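Read the numbers this way: they start at 1 and go in the same order the structure lists the ligands and their atoms. Remember, it's a predicted structure, so these values are computed and weren't measured experimentally.
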Amino acid sequence: MIREYDACLKCTVCEMHCPVLRVAPEFPGPKNGGPGLARLRAAGAVAELDHLDLCLGCRTCDTVCPSGIRPSELVNAPKVERVSRRGLPLREWILTHTALFGPLAVRMPGLVNGALASRPIRRAMAKVLHIDPHKPMPRYANHSFREWFFRRRSPWRDRPAPNGRVVYFHGCSVQFMEPHIGRHVVEVLEHNGFEVVLPPQKCCGLPLIANGDLKAAASSGRYNLEHLREWAEQGVPIVVSSTTCALTLKHDYPHLLGLEGAQAVAEHVYDLMEFLMACHEQGLLRTDFRPLRERLPYHQPCHQRAQAIGLPAVELLNLIPGVEAWNLDAGCCGSAGTYGFKEEKYPVSLKVGQAVADALRASGAARAVSDCETCRWQIEYQAGIQAVHPISVLWEAYGLGSGDRM
Ligand code: SF4
Ligand code: SF4
Ligand code: SF4
């Protein structure tokens with residue numbers, strides 16, 4: 001029997017592209033910590049390697065491996081085994097269950113955001129939970145996205161939308177922290193003749209996967225599939241505005257977690273920019289943009305690159321008169337979801353993201369564009385430049401709002 005790790009050619013291509021190995025030589029890397037360790041573990045020779053948890057989960061190694069191995073999953077395997085035996089440590093449990101706190105936090109955002117920004121509380125969190133005290137926590141909004149969505153009146157409520165229906169998977173950050181992005185998604189889709197449908201949904205589960213809790217991630221995944229399946233069966237596209245959620249729905253549900261019915265749903269899942277670009281290619285996208293006159297560096301999230309869909313955001317932004325958008329191509333931002341908030345990983349996260357921050361500062365642009373929420377938070381923190389989702393720029397160019405955040 002040929003096991004996946006036996007296919008490793010030891011070509012070191014994955015090592016050359018690994019953003020962590022570049023800045024942290026103590027990290028075993030995707031070759032030694034992936035197929036190399038898997039072989040030793042299968043022989044019962046060794047269970048873990050030191051510093052293996054420094055993996056960001058960016059999946060760059062998976063996209064470059066010529067043998068089709070997914071080293072990131074092999075690197076994550078010892079953590080998965082550890083968590084299945086002992087459960088998630090308290091810090092990881094808290095960082096991966098932000099959606100549980102969301103409904104309460106949006107009721108009292110002043111109190112929660114104030115507490116999460118308070119130095120004594122951050123010092124206590126660092127001492128007790130080893131959550132780094134420097135990086136600002138994302139701020140909760142004063143209402144959830146779904147509240148806004150179900151309060152409003154769709155322009156297609158009383159007449160059929162010319163381009164049919166689209167299901168929107170918004171993810172946790174839009175639901176509790178960035179509802180304005182969800183609004184931009186909905187209004188741009190409606191402007192283009194789509195009726196937006198919002199089935200019940202939970203966190204996609206990627207933070208749980210990254211922290212080794214595949215069982216809890218599968219439970220989230222089964223819930224989401226249960227509510228997405230009927231739409232996929234009707235052939236309705238499912239669009240996702242967070243690149244991390246899109247990768248989870250497209251790849252992790254069917255392949256990593258092996259969830260029943262996941263492949264049929266995955267075939268209808270689109271990254272939001274991928275979907276809008278496909279609309280443009282079919283002549284369905286309106287291009288009644290007003291000029292914006294702006295240079296916009298685009299940071300491609302690793303989890304968007306892993307979907308192998310090109311750079312639809314850059315192509316779409318360049319349709320706007322006066323916009324010059326380009327792919328920054330400076331590597332990983334180093335944020336990687338919960339990773340950059342962990343005390344022992346925070347310095348590695350900053351070192352990984354330095355090239356992105358330097359390139360953004362050197363660009364002289366007033367703001368950057370990225371479709372991943374944790375990339376945007378990292379860019380704003382490390383580069384000191386405002387970072388927006390590409391849908392927000394399209395929304396502005398369509399003249400759909402006055403720049404308000406709801
Ligand atoms: S997932 Fe990213 S950080 Fe982890 S081993 Fe692969 S390339 Fe390196
Ligand atoms: S890129 Fe693939 S084949 Fe090459 S060393 Fe890494 S895991 Fe092995
Ligand atoms: S791993 Fe990323 S660029 Fe690397 S990302 Fe996701 S948060 Fe940003």
Exercise for the section: Could you tell me how the ring of His180 sits relative to the ring of His184: parallel (under 30°), tilted (30 to 60°) or perpendicular (over 60°)? Expected result: perpendicular
Problem - Aromatic ring pairing His134/Tyr346, orientation class (parallel under 30°, perpendicular over 60°, tilted between) - result: parallel
Practice task
Using the test salt bridge (charged side-chain N to carboxylate O under 4.0 Å, His left out), find all partners of Arg107 that sit at least two apart in sequence or belong to another chain.
Solution key: Glu147
Problem - Cys61, Gly57, Pro28, Ala24: member with heavy atom nearest to atom 7 (S) of ligand 1 - result: Cys61
Quick one: nearest non-hydrogen protein atom to [atom], plus distance?
atom	value
atom 3 (S) of ligand 1	Leu56 N, 3.3 Å
atom 4 (Fe) of ligand 1	Cys55 SG, 2.3 Å
atom 2 (Fe) of ligand 1	Cys58 SG, 2.4 Å

Completion exercise
Within 4.0 Å of some non-hydrogen atom of Pro66, the atoms of ligand 2 are 1 (S)
Exercise for the section: State, without any angle test, whether Ser154 and Glu195 hold a side-chain donor-acceptor pair at a distance under 3.5 Å. Expected result: no
Exercise for the section: Determine whether the side chains of His299 and Arg376 contain a donor N or O and an acceptor N or O closer than 3.5 Å. Expected result: no
For [X], atoms of ligand 1 separated by under 4.0 Å from a heavy atom:
X	result
Val20	3 (S)
Pro19	7 (S)
Ser72	1 (S)
Arg59	1 (S), 2 (Fe)

Exercise for the section: Run the ring-centre check on Tyr223 versus His227 and record whether the distance is less than 6.0 Å. Expected result: yes
Problem - Minimum side-chain heavy-atom gap Leu189-Phe275 below 4.5 Å - result: yes
Handout entry: Heteroatom test (N, O or S) for Cys18 near atom 4 (Fe) of ligand 1, limit 2.8 Å
Key = no
Determine all donor-acceptor pairs shorter than 3.5 Å in which one atom belongs to a side chain in residues 19-42; sequence neighbours excluded.
from	atom 1	to	atom 2	distance (Å)
Arg39	NH2	Tyr5	O	2.9
Arg41	NH1	Ala47	O	3.0
Arg41	NH2	Glu81	OE1	2.9

Completion exercise
What one should report as the nearest heavy-atom pair of Gly331 and Val356 is O-CG2, 3.5 Å
Check residues 52-64 and write down every donor-acceptor pair under 3.5 Å in which the side-chain atom is one partner and the other belongs to a residue at least two apart or another chain.
from	atom 1	to	atom 2	distance (Å)
Asp53	OD1	Arg82	NH2	3.3
Asp53	OD2	Arg82	NH1	3.2
Asp53	OD2	Arg82	NH2	3.4
Arg59	NH1	Asp252	OD1	2.7
Arg59	NH1	Asp252	OD2	3.2
Arg59	NH2	Asp252	OD2	2.7
Asp62	OD1	Ser72	N	3.0
Asp62	OD1	Ser72	OG	3.2
Asp62	OD2	Arg70	NH2	3.3
Asp62	OD2	Ser72	OG	2.6
Thr63	OG1	Thr60	O	2.7

Exercise for the section: Identify which protein N/O/S atoms are less than 2.8 Å from atom 8 (Fe) of ligand 2. Expected result: Cys8 SG
Exercise for the section: Return yes when atom CD of Glu260 has more than 12 non-hydrogen atoms of other residues, nucleotides or ligands closer than 6.0 Å, and no otherwise. Expected result: no
